[in-house]
Every structure is written in C-alpha cells, then in structure tokens.
Amino acid sequence: MGATVEVPSNCQFCGYDCALLCTVADGRVTAVRPDPARYPYGAAVMASCPRWPLNIAALDAPDRVNYPLRRVGERGSGRWERVGWDEALDDIASRLAELAAESGPETVASAIGGPHASFWPLHRFMNLFGSPNNMGIGQICWNPRIWMDLVTFGWTVEPDIVIGLTGCLVLWGTNPAQSDNSAFWQHIRAYAAGEGALVVVDPRRTEAAEIADVWLPVRPGTDGVLALGLLNVIIAENLIDESFVERWCHGFAELRAAAAPFAPAAVAVTCGVDAEDIRRAARLFAAGPSALVSGRGIDQTGEAVAPTHRALCCLRAITGNVDRPGACVLAEAPDFVTEMAMEMSDAMPDACRRAPLGAHRTPLQSYAGYDAVRALTERLGRTPPLRYLASAHPDLVLRAMEHGRPYPVRALIVQATNPLITYGDAPRVRRALEALDMLVVLEYRLTPTAMLADYVLPVAGALERPVLQVHGGVANAAYGGPAAVAPYYERRTDYEVFRALGLRLGQDGAWPHATLEEAFAAQLAPAGLTWEAFCEAGTYWPAPAFGKHERRDGAGNPAGFATTTGKIELASELLPRFGGPRLPGPAIGGPKAPARSLTLITGARRQPYNASMYFEHGRLRRAHPAPQATVSPRCAERLGLCVGDGVEVATDAGTARFVLAVAPMRDDVVSVDYGWWHPEWGADERLGGAFESNANNLTRCEIGEPLIGSWSYNAIPCDLRRSDEALTWPAGRASGADGEVPAPSPVECGDDAIS
Ligand SMILES: Nc1nc2c(c(=O)[nH]1)N[C@H]1C(S)=C(S)[C@@H](COP(=O)(O)OP(=O)(O)OC[C@H]3O[C@@H](n4cnc5c(=O)[nH]c(N)nc54)[C@H](O)[C@@H]3O)O[C@H]1N2
Ligand SMILES: Nc1nc2c(c(=O)[nH]1)N[C@H]1C(S)=C(S)[C@@H](COP(=O)(O)OP(=O)(O)OC[C@H]3O[C@@H](n4cnc5c(=O)[nH]c(N)nc54)[C@H](O)[C@@H]3O)O[C@H]1N2
Ligand code: SF4
Ligand SMILES: [Mo]
C-alpha cells in the first residue's frame with residue numbers, strides 16, 4: 001500500500017467546480033472534503049449541497065462506462081462489445097473520412113450541451129475537419145443575452161451587486177435559489193436583507209420572489225411588453241440619466257417613441273401584473289445604482305427572446321447603469337488565450353464557413369453575424385468565442401439527419417449532452433439519431449442518447465481530470481484546478497479523444513499538447529501564470545475597471561463602445577443589416593399553437609438534479625422520487641386534482657406524465673420538471689424510460705426568434721388532466737415517498753458486466 005496523500009481537485013457536479021481536498025492512496029480517492037483555501041469555496045454552499053460527497057462513488061459507479069464500447073446488433077438494442085482505444089479511434093476516424101469524402105465534411109455534425117466541459121477541443125477538431133455544423137443549446141441558453149449585449153453595448157455586461165451600494169437588483173426569469181447553488185445566491189440573500197431593493201419577475205413565487213420588495217408574476221412570454229412598460233414609466237416620469245443618455249446613447253428619441261404606447265395600465269393587462277407594481281419597479285430601477293440578472297425564463301420564450309433582451313439593455317442604458325459600480329460591468333478581454341483561438345476557428349476552410357446548415361434562417365447567429373460583431377468588438381481588443389455563438393439550429397440539423405435536406409448529416413459526435421432528454425421534441429430527436437450512419441457519444445454512462453450510439457467513448461470526469469472554466473471566453477476570469485488522480489480504468493479526457501482523432505485525420509501541428517494540463521498551461525501562459533501557480537489559488541480574476549468608455553487614447557479620444565456608432569445603441573444600426581428591428585418591440589413569446597386552458601413552463605430548476613444528471617443516485621432519488629407538475633393550490637382545486645395525483649400534460653407537440661404538486665404561482669400556469677429518466681432501466685425498457693416524463697415530449701425546437709432562432713421551452717399552451725395510466729415513479733407526495741429506488745443498471749457487454 002502506497003502513501004496516503006491529500007491533494008487538491010474540484011467537484012465538477014455543476015458549473016461552480018467547488019474546491020475539494022481529496023485523500024488519495026494508490027491512485028484511488030478514498031475521501032473528499034471541502035477546501036476552504038482555494039476558490040471557489042463557500043461554507044454555506046458546501047453545507048447545503050448534497051452532491052460533492054458523491055464524488056468518490058461516482059469514480060467507481062457500476063453504471064460508469066470504463067472502456068470504449070461498440071454497438072453489436074440493432075441500434076438501441078443495448079448490446080455492446082468492448083474494444084480497445086486504438087481500434088475504436090481508427091475505425092471512427094476512417095469512417096468519418098469516408099463520409100466526408102462521399103458527402104463533404106459538413107455531413108459530420110457535433111452536439112454539445114450545458115457548460116459541463118471545455119468544448120474547445122471538440123470545436124478545434126471540427127474546424128480542422130472542416131465542418132461548420134455544431135448543434136448546441138445556445139439559442140436558448142446564454143446566446144440571446146450575449147448577442148444582444150454585443151449588439152447594444154459592444155460587449156457583454158455582468159451584474160455588479162454590491163451590498164450598501166446597489167440600490168436595486170432585478171432578477172428577471174432566473175431563480176438562483178435552485179439554479180445557482182453557489183455563493184451567488186447567498187450573496188443575493190445578504191443583499192436582500194439590507195437596504196437595497198429586490199425586484200423579481202417570474203410567474204412563480206420563487207424563493208427569490210419570497211424575499212423581494214416587488215414581485216411581478218408575469219404571464220409567461222410577455223416579458224418584452226413588461227420591459228417596454230418599465231421603459232415607458234422611466235421615460236414618462238423623466239427618471240432617465242440625462243447626461244449619460246445625451247453623451248453615450250444612440251437613438252433615444254426613437255426609443256421614447258417605441259415605448260410611448262406601453263403605459264402601465266395597458267401593459268398590466270397583457271402581462272397579468274399590477275400596474276402600480278410596474279410603476280414601483282420602474283422607479284426603484286431608475287433610482288439605482290441598479291443591477292439586473294436575467295435567466296432562461298426569458299431565453300426560452302421563442303420570438304420574444306431578442307426583443308426582451310434588447311429592452312433590458314435599454315433599461316440599463318437610459319438609467320446610466322452601464323459599466324458603473326453597483327450596477328454592471330463590461331467584462332475585460334482575457335489576458336490568457338481567447339476561446340476563439342483555442343477553438344482555432346480561424347483555421348476553418350473558407351468553403352466550410354459558407355456551408356453551415358440554414359445560416360440564412362438565423363441570420364445573426366451565423367458566421368456572417370459573428371464576423372460583423374467581431375469586426376466591431378476587436379476595435380476595442382475583444383474577440384468573442386465563435387462556435388457556440390454561430391452554432392447551427394437543432395431544428396435544421398435534425399432535419400438534415402432525418403430527411404437529408406438540404407444536404408445529409410450522416411454522423412454526429414456528441415460531447416457532454418443528452419439531447420434525447422434535453423433537446424426539443426424527444427421522439428423526433430430519437431428518429432433523427434436512428435437515421436444516422438454513425439453516432440459517437442463521449443459519456444460517463446449509458447444515457448438514453450448513448451444507448452443509440454455506434455460507439456460510446458468513456459471519458460474522465462471530476463477528480464480524474466483538470467478543469468479550467470473561463471466564463472464562456474468573454475471575461476478576464478478563470479477558475480479551476482488539477483486532477484486528483486489519473487483516470488480510472490481506460491477512461492480518457494475529452495481533449496485526448498479529440499486530439500487522437502485529429503492526429504489520425506491529418507491535423508498535425510494543431511495538437512502540440514499531449515495532455516489537457518499542458519493545453520491549459522499554454523492557455524494561461526500569456527497571463528504570466530504557470531498551471532501550478534494557477535492551481536494554488538484556483539482562480540485568476542483581476543477586478544475589472546469601470547467606465548471604460550471614458551478611457552482616453554493617445555490623442556485624447558474616449559474609447560466609447562464597440563458598436564457601429566461608438567455609443568450604446570438603443571436604436572441598433574447593426575440589426576437591420578441582418579433583417580432585425582432597430583428597436584425593442586412587443587413580441588409575445590411561445591410557440592405558434594392554438595390556445596389551451598393553461599400555459600406551460602418547463603425546466604424551472606430544482607435541486608438536487610441538474611438537467612438529466614444525478615438520477616442514478618439512490619439517496620437523491622429517495623428524497624426526490626418523482627418528476628412534478630406544479631400548479632397553484634387554486635388551480636389544483638379548480639381542476640379537481642390533489643397533491644400526489646398522477647397527471648398528464650398535453651401540448652401540440654405531445655404528452656408527458658408527472659406527479660402533481662402545488663406551490664404559490666400564477667393560477668394559469670403549469671410548471672413541469674425536466675431531465676427525468678430511469679438510469680436503473682436498460683435500453684430495452686423504452687430507452688431508459690426516456691419518454692414517460694420527458695418535458696421535451698411537450699416542446700419543439702422550431703425557429704422562433706428570427707435572428708438567433710430561440711425556441712420555446714416556456715409560454716406553451718397546454719392542458720392538464722388526471723392520468724389514467726400508472727406512473728412508473730413512486731407515486732405519492734414527492735417529499736414523503738420512500739419507495740426503494742433500484743440501483744442503476746450496470747454496463748453489460750456480451751454476457752459479462754464489464755465494470
Ligand atoms: N424542456 C426543457 N429543456 C431544456 C431546458 C429547460 O429548461 N426545459 N434547459 C435547456 C438548457 S438551458 C440546457 S443548458 C440544456 C442542458 O442539456 P444537456 O447539457 O444535454 O444536459 P445534461 O442532461 O446534463 O447532459 C449532460 C450529459 O453530459 C455528460 N457529461 C457531463 N460532463 C461531461 C464531460 O465533461 N464530458 C462528457 N463527454 N460528458 C459529460 C453527463 O453524463 C450528461 O449525460 O437543457 C436544455 N433543455
Ligand atoms: N439544480 C439545477 N441547477 C442548474 C441547472 C439544472 O438543471 N438544475 N441547469 C443549469 C443551467 S444549464 C442553466 S442555463 C441555469 C439556468 O438558471 P436560471 O436561469 O436561474 O433558471 P431557473 O432556475 O429555471 O429559473 C428560471 C425562472 O424563469 C421562470 N420563468 C419561466 N417562464 C418565464 C417567463 O416567460 N418569463 C419570466 N420572467 N420568467 C419565466 C421560471 O419560473 C423560473 O423560476 O441553471 C443551471 N443550474
Ligand atoms: S455547488 Fe455542489 S455540485 Fe456544484 S460544484 Fe459545488 S459542491 Fe459540486
Ligand atoms: Mo443552460
């Protein structure tokens with residue numbers, strides 16, 4: 001037995017990557033505890049998070065994939081053979097090359113998900129392979145805000161919530177109490193306990209709404225109208241920051257005219273909120289300094305997404321709450337290598353830049369849109385990341401997979417996503433995946449998506465690999481840390497997999513670093529940091545300066561903003577070039593579907609799960625055994641339903657079944673959980689039970705918003721009724737049931753369990 005040591009690493013069970021100290025003996029982790037000496041650490045966070053202790057078990061979990069698996073038999077039959085890495089990589093590389101020779105490199109697409117991993121290795125591989133087609137969830141997560149910030153301010157803004165300085169904080173379509181199990185929510189609670197005002201815009205009376213000064217229980221999808229209502233009050237009552245508007249904002253007269261029709265009385269009717277509350281919120285925001293945080297509540301409302309974000313940008317601008325302490329800060333360019341350079345996006349052949357699926361359908365979220373914005377932001381030395389912002393629309397990629405139009409997508413590489421559960425229209429995703437010539441999934445376990453693969457490649461996860469989070473590549477901020485141990489079994493990092501494929505396909509010279517550590521070290525080097533020095537603190541985050549638009553150059557000219565006019569563009573000069581409007585308008589969100597009795601919102605975050613992850617943990621499942629559909633008590637009474645009833649939700653897209661719960665919220669809204677499947681079931685059991693309670697049976701990923709393509713996971717017309725069919729989840733009150741949850745099914749290979 002070798003010596004026992006304690007080494008630093010990070011939990012990677014959500015995007016915060018909390019610092020851990022790991023006891024290691026003989027290359028195995030035997031204990032973990034929080035590490036108060038490194039970022040990120042919060043005593044309250046660690047005390048309330050049930051997930052980090054699961055890190056040890058996760059390393060050796062019976063359902064982890066430990067060796068490359070190749071499908072034998074029918075797709076989705078659940079039969080695999082274990083193969084060596086070389087055999088798997090050789091075969092995948094040669095089949096990708098064949099497909100590219102037959103149908104062009106764009107026939108190979110990739111799919112990514114939430115921010116679980118570094119995606120630049122995949123993007124680098126795809127750029128050099130020559131395929132422009134990355135399918136992401138960006139259109140409904142992060143991109144809308146980033147695009148509209150870029151268009152309006154010339155870069156992205158981040159909230160600067162300072163207790164004692166910030167006068168008003170608005171949380172718009174976000175519930176950090178459940179989604180952000182970090183110091184951020186603790187900070188908001190501390191803020192709300194002080195003098196600063198809190199305004200929450202959410203159809204549900206969330207934990208945040210509970211401690212707010214003003215709760216605006218907006219009708220889903222009407223946020224753009226509500227934001228125009230706030231603009232209307234601020235302008236009508238002359239609460240604007242006149243000198244800032246005069247000096248730094250472009251198009252105020254046009255904005256004033258656009259907001260004029262949206263007086264509180266009319267807005268109150270559209271949005272289902274109180275007119276006096278709209279006035280109160282507007283006045284609080286105008287008094288400032290004011291910070292605003294928005295979330296997927298508005299990113300996932302289809303057509304309304306871009307106009308709503310534009311209106312929120314204008315709210316900040318006309319009240320002077322831009323790049324100002326206590327309000328928000330424009331991020332600085334990273335001192336380390338940019339995400340764009342890590343992706344090697346400039347290396348993609350020109351012909352391929354012209355080949356992405358349906359770029360004209362999402363004209364801003366495209367290579368042309370990216371180039372136009374980049375030309376502006378680079379004037380002030382900032383380069384946005386490319387492949388996420390220009391990723392192809394799932395609707396178009398799925399169509400190309402299913403129907404070969406406008407050209408066939410025949411292979412898909414999936415990294416860190418479970419599209420069968422998290423993309424819109426689950427049955428369609430299944431059909432599209434089944435139509436592929438080749439599906440390669442890099443995964444920890446056999447998710448419903450992996451169950452359909454030709455190859456499942458086992459990847460190293462938390463404690464087995466280093467991590468470096470760079471805030472999407474738009475800020476001078478990085479945090480992370482080292483691996484505690486070498487990967488168990490034959491797992492490899494995602495990086496090593498893409499490097500090995502790249503080297504097999506002639507990408508010599510593009511992968512100089514043999515390991516992910518070395519690549520991270522090279523990424524940080526321009527900031528004057530070694531990987532070891534970085535790991536000691538776990539963070540590199542120089543405080544950004546405020547008022548950067550006032551900075552003078554050698555000739556004494558102020559920097560201004562990286563937009564067409566050098567000012568904040570209330571009226572956009574850029575969007576009309578892409579067919580968009582100059583001004584925020586009153587688009588209403590949701591799919592174009594006939595009205596039904598209720599309005600559906602999906603995926604409001606709830607601990608302890610994260611998207612489709614962690615359902616394999618018996619302890620979590622015992623405490624949270626069933627997916628819920630939640631309505632207000634009054635709504636339940638009206639429908640004659642009781643807590644614990646099995647219910648079916650129906651939309652134009654399909655149906656899904658849940659257990660009924662009640663909570664304070666609008667009386668006309670149903671909120672359903674997302675991510676649910678049965679890791680304890682196999683492929684033969686309806687792909688791990690992927691279709692019973694899948695919120696995405698109820699959604700479609702249609703192009704909703706015309707510039708970016710955002711679709712609707714919220715504001716969907718629906719009906720709710722008692723379900724005649726028994727649920728496979730333990731019935732009964734969600735918190736009270738203690739039905740035993742079977743262990744997740746182990747990975748089987750031929751007759752042998754191979755874990
Ligand atoms: N109806 C509805 N649908 C939604 C949403 C909603 O609110 N409502 N939210 C949307 C949003 S915002 C997002 S971001 C997406 C999230 O969608 P996904 O990213 O698809 O979410 P997960 O289900 O967590 O899938 C992550 C998968 O990657 C694996 N994984 C984790 N880390 C790594 C890694 O480092 N490498 C590799 N190779 N694999 C890894 C995990 O095992 C897991 O199976 O869902 C979207 N879908
Ligand atoms: N536990 C857990 N944490 C997570 C995740 C997870 O799956 N589970 N996912 C991670 C990911 S990928 C992301 S993107 C973040 C998301 O983080 P957040 O953006 O904070 O997401 P939610 O907590 O779902 O909060 C969205 C809120 O919007 C509200 N909402 C729904 N429709 C509307 C609408 O039309 N208008 C308005 N104004 N509000 C509306 C919902 O009621 C909900 O309270 O969370 C991350 N953290
Ligand atoms: S909040 Fe919890 S799950 Fe997320 S990284 Fe920290 S310890 Fe892990
Ligand atoms: Mo997300």
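Just so you know, ligand 1 is whichever comes first in the structure, and atom 1 is the first atom listed for that ligand.
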Measuring from [atom], which candidate in [options] has the nearest non-hydrogen atom?
atom                    : options                       : value
atom 35 (O) of ligand 1 : Gln12, Arg465, Glu616, His116 : Arg465
atom 10 (C) of ligand 1 : Ile137, Ile140, Val65         : Ile140
atom 21 (O) of ligand 1 : Cys14, Ala611, Ser612         : Ala611
atom 44 (O) of ligand 1 : Arg64, Gln415, Met613, Glu443 : Glu443

Using atom types as modelled and distance alone, determine if a side-chain donor or acceptor of Tyr713 lies under 3.5 Å from a backbone N or O of Asp299. no
Taking Asn10 for the side chain and Gln12 for the main chain, is one N or O donor matched with an acceptor at less than 3.5 Å?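 No; judged by distance alone, with no hydrogens or angles, the pair does not exist.
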Find all atoms of ligand 3 within a distance of less than 4.0 Å from any non-hydrogen atom belonging to [X], and give their numbers and elements.
X     : answer
Trp52 : 7 (S)
Asp17 : 5 (S)
Phe13 : 3 (S)
Arg51 : 3 (S)
Cys18 : 1 (S), 5 (S), 6 (Fe), 7 (S)

Do the side chains of [X] and [Y] get close enough for a salt bridge, i.e. N-O under 4.0 angstrom?
X      : Y      : value
Asp395 : Arg428 : yes
Glu464 : Arg64  : yes
Glu680 : Arg621 : yes
Arg189 : Glu207 : no
Glu496 : Arg491 : no

With heavy-atom distances below 4.5 Å as the criterion, would you say the side chains of Gln139 and Cys701 are in contact? no
Report yes if the side chains of Arg71 and Trp80 come closer than 4.5 Å at any heavy-atom pair, otherwise no. yes
Exactly one of Trp676, Phe13, Tyr614 should register a ring pair (Phe, Tyr, Trp, His ring centres under 6.0 Å) with Tyr609. Which one does?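 The single option meeting the ring pair (Phe, Tyr, Trp, His ring centres under 6.0 Å) with Tyr609 is Trp676.
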Return the residue, atom name and 0.1 Å-rounded distance of the protein heavy atom closest to [atom].
atom                    : value
atom 19 (O) of ligand 1 : Gly114 N, 2.7 Å
atom 36 (N) of ligand 1 : Asp494 OD2, 2.8 Å
atom 32 (N) of ligand 1 : Tyr444 OH, 3.1 Å
atom 12 (S) of ligand 1 : Arg605 NH2, 3.2 Å
atom 46 (C) of ligand 1 : Thr422 O, 3.4 Å
atom 5 (C) of ligand 1  : Tyr674 CE1, 3.2 Å

Mutual orientation of the aromatic rings belonging to Phe498 and Phe125 [parallel < 30°, tilted 30-60°, perpendicular > 60°]: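 Ring orientation of Phe498 relative to Phe125: tilted.
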Examine Cys11 and say whether one of its N/O/S atoms is closer to atom 4 (Fe) of ligand 3 than 2.8 Å.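 Checking Cys11: none of its N, O or S atoms is under 2.8 Å.
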Hey, does Val459 sit under 4.0 Å from ligand 1 if you only count heavy atoms?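 Yes, that is the case, since the closest heavy atom of the residue is under 4.0 Å from the ligand.
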Where on Thr602 is there a heavy atom closer than 4.0 Å to ligand 1, on the side chain, on the backbone, on both, or on neither? both
